[in-house]
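Residue numbers start from 1 in every chain, and the chains themselves are labelled A, B, ... in the order their sequence lines are given, proteins ahead of strands. Remember, it's a predicted structure, so these values are computed and weren't measured experimentally.
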Amino acid sequence: MPRVDKNFKTEVLELVLRIPRGRVMTYGQIAALCGAAWAAWEVGQIAHYGDPTIPWQRVVNKKGDLAKGYPGGASAHQHELEQEGIEVINNKVDIERLLWFPAKKNH
DNA sequence: CGTGTGACGCGAG
DNA sequence: CCTCGCGCCACAC
């Protein structure tokens, strides 16, 4: 299983944990906020191989598409999102409306 | 060390 | 709407 830079990984995990219920963030946005705008792939790898206690359902790609590799498939991902009140249309979320930006962080 | 791949992003056609 | 290519990275082979 792929490993990722521990520091980057930690930042990603903490950031994802800060996503409020009912909101989402994109891989690219997360990567950028963690100081690696080009490492959207890394975020995906962390999601797949990283800590399973992280609410990865709140992480989607820039188009609002659901995670292709989500355990149980995109349908499971959609179900998780809908449980939080996130409306999923055509396997996508209203990224424009639900995207969350960290107000500020003491990091 | 070259090549392929991946829960990505974006531009070009 | 679609595919294709390139970008960055880490990792498996």
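Taking atom P on both nucleotides, B/dG4 is separated from C/dC4 by 16 Å, rounded to a whole Å.
Protein chain A touches strand DNA chain B; the 5'-most and 3'-most nucleotides with an atom under 4.0 angstrom of its non-hydrogen atoms are B/dG6 to B/dC10.
Side-chain contact annotation: A/Gln57 with A/Gln83, donor-acceptor N/O pair under 3.5 Å absent.
A/Asn61 approaches A/Thr26 most closely through the heavy-atom pair O-CG2, 3.9 Å. The two residues A/Arg23 and A/Leu98 come nearest to each other via the heavy atoms CD-O, 3.2 Å. The shortest non-hydrogen separation linking A/Val43 to A/Ala31 is CG2-CB, 3.8 Å. Residues A/Trp56 and A/Val12 approach most closely at CH2-CG1, 4.0 Å, considering heavy atoms.
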Checking side chain to side chain contact (heavy atoms under 4.5 Å, CB included) for the pair A/Ile54/A/Leu17: CA distance, chi angles, key distance, verdict? CA-CA 6 Å; A/Ile54 303 296; A/Leu17 284 171; 3.7 Å; yes

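Atom NE2 of A/His48 is separated from atom P of C/dC11 by 15 Å (rounded to the nearest Å). Taking atom CD1 of residue A/Ile46 and atom C1' of nucleotide C/dC9, one finds them 11 Å apart after rounding to whole Å. Between A/Trp41 atom CH2 and C/dA12 atom P there is a gap of 16 Å when expressed in whole angstrom units.
Residue contacts for A/Ala47: at a heavy-atom cut-off of 4.0 Å it reaches a base atom on one of the strands shown.
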